[in-house]
Amino acid sequence: MTRLSDRRGRRPGRHGATVLMAAGLGAAALAGCSTSVTYLGSSGQGLYFDVPAGWHVATPQDLSRFQLYGAQQVAQAQASGQSYPVYTSLSSAAPMRALGGGRLTGPYPWALAQVYVLGPQDQATLSLQAMQDRIFNIDNLRQAGASVTQLSPTAVVVRGGLRGTLVSDAVVSSTASLAFEQVSLTNPATDKLWVLVAGCSLGCFHAHSSEIYHIVTSFTVAHAG
């Protein structure tokens, strides 16, 4: 993960339309007031987004512990023509150890960004629904017995040649809850997918919804290559 810089003030607005299980904040800024943010992303993969200053960034070891990256699995997927991640990052208001147990359902907001190279089969069957299910598969969670509530209408996002969705869902099981906001974008060739999702437990999400919304709407894909 590249920590690009720490600066004062918001970026100019970028607008679209407007795990739970281990499957895998803050108040709103007043108009005219500045807030301290850290710009994160990858110049190589062409994505950038903001998180509050002082957030913690996961190490490769953290990503492996959270089952978000495995070099062997990536190599196998690439060799077999399946989709595979070329970039994964996780950042959080709390130290990574506080997220604990490989779960993202605790009281600390976090942001997870992933970029995928899509294999031929996924390219052929890619849909807006498939894009937004890449990280959290809502149908699978329902089938596992979780209650899923859509927190806001799904919005179609178009940014130049990029197209995707902005979604917000709450997932509640007998043991945990998760609420998240997610933006997913693909390029005209539909051979690459950029995803940013931010969330935490349902209560945490409601308490920090303004901050989470800012993180997701700051998501910028600089190129469609």
Side-chain angles (χ1 to χ4, degrees), residues 1-16 18-19 24-66 68-69 85-115 135 151-152 157 159 166-168 178-185 194-223:
M1 177 119 179
T2 304
R3 184 184 293 269
L4 298 178
S5 61
D6 293 326
R7 305 178 187 173
R8 297 291 298 182
R10 289 185 184 271
R11 283 181 171 180
R14 291 169 292 276
H15 305 287
T18 124
V19 292
L25 282 144
L30 298 176
C33 294
S34 65
T35 183
S36 182
V37 299
T38 298
Y39 298 160
L40 301 178
S42 165
S43 58
Q45 297 302 327
L47 75 154
Y48 309 92
F49 58 97
D50 305 341
V51 298
W55 270 38
H56 303 264
V57 179
T59 65
Q61 293 74 24
D62 293 324
L63 296 178
S64 177
R65 177 169 61 90
F66 277 80
L68 294 172
Y69 178 81
V86 292
Y87 173 87
T88 300
S89 69
L90 177 66
S91 51
S92 173
M96 291 298 132
R97 65 179 180 274
L99 294 182
R103 301 172 69 91
L104 299 177
T105 58
Y108 306 103
W110 46 263
L112 170 62
Q114 290 193 303
V115 182
I135 295 179
L151 299 178
S152 60
V157 179
R159 299 180 184 174
L166 177 66
V167 299
S168 183
L178 169 70
F180 63 89
E181 192 140 18
Q182 175 181 287
V183 59
S184 308
L185 295 167
W194 292 262
V195 183
L196 175 66
V197 57
C200 49
S201 67
L202 184 57
C204 165
F205 183 89
H206 287 314
H208 304 298
S209 58
S210 177
E211 189 168 34
I212 289 170
Y213 179 77
H214 174 74
I215 293 169
V216 172
T217 55
S218 75
F219 192 48
T220 298
V221 175
H223 63 74

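What you are looking at is a predicted structure, and each value in this text was computed from that prediction instead of being measured. Residue numbers start at 1 and run along the sequence shown.
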| Are any non-hydrogen side-chain atoms of Arg159 and Val221 less than 4.5 angstrom apart? | no
| request: Would you confirm whether Thr220, through its side chain, and Ser218, through its main-chain N or O, come within 3.5 Å as a donor-acceptor pair? | output: yes
| message | Measuring from atom CG of Leu151 to atom CD of Glu181, what distance do you get when rounded to the nearest 0.5 angstrom? | response | 8.5 Å
| message | Please give me the minimum heavy-atom distance between Leu40 and Ser91, naming the atom from each residue. | response | CD1-OG, 3.9 Å
| query | If you look at every heavy atom in Pro52 and Ile215, which pair is closest and at what distance? | reply | CD-CD1, 4.1 Å
| said: Looking at every heavy atom in both Cys204 and Gly106, which two are closest together, and how far apart are they? | reply: CB-O, 4.3 Å
| task | Show the numbers, then the answer: is there a side chain to side chain contact (heavy atoms under 4.5 Å, CB included) between Tyr213 and Ser152? | result | CA-CA 12 Å; Tyr213 179 77; Ser152 60; over 6 Å; no
| request: Could you pull out the closest heavy-atom pair between Val216 and Leu196, with the gap in Å? | output: CA-CD2, 4.0 Å
| field | Asp50 side, atom CG; Ser36 side, atom OG - distance, nearest 0.5 Å | value | 10.5 Å
| Set of residues satisfying side chain to side chain contact (heavy atoms under 4.5 Å, CB included) with respect to Thr59, sequence neighbours excluded | Gln61, Asp62
| field | Results of side-chain hydrogen bond (donor to acceptor under 3.5 Å, both in side chains) for Ser184 - residues two or more places apart only | value | Gln182
| task | Would you please name every residue forming a ring pair (Phe, Tyr, Trp, His ring centres under 6.0 Å) with Phe205, sequence neighbours left out? | result | none
| Nearest heavy-atom pair of Thr38 and Ala53: which atoms, and what distance? | OG1-CA, 3.4 Å
| request: Evaluate the criterion side chain to side chain contact (heavy atoms under 4.5 Å, CB included) for residue pair Cys200 and Tyr108; output intermediate values, then yes/no. | output: CA-CA 6 Å; Cys200 49; Tyr108 306 103; 5.9 Å; no
| field | Distance-minimising heavy-atom pair for Leu104 and Trp110 | value | O-NE1, 2.9 Å
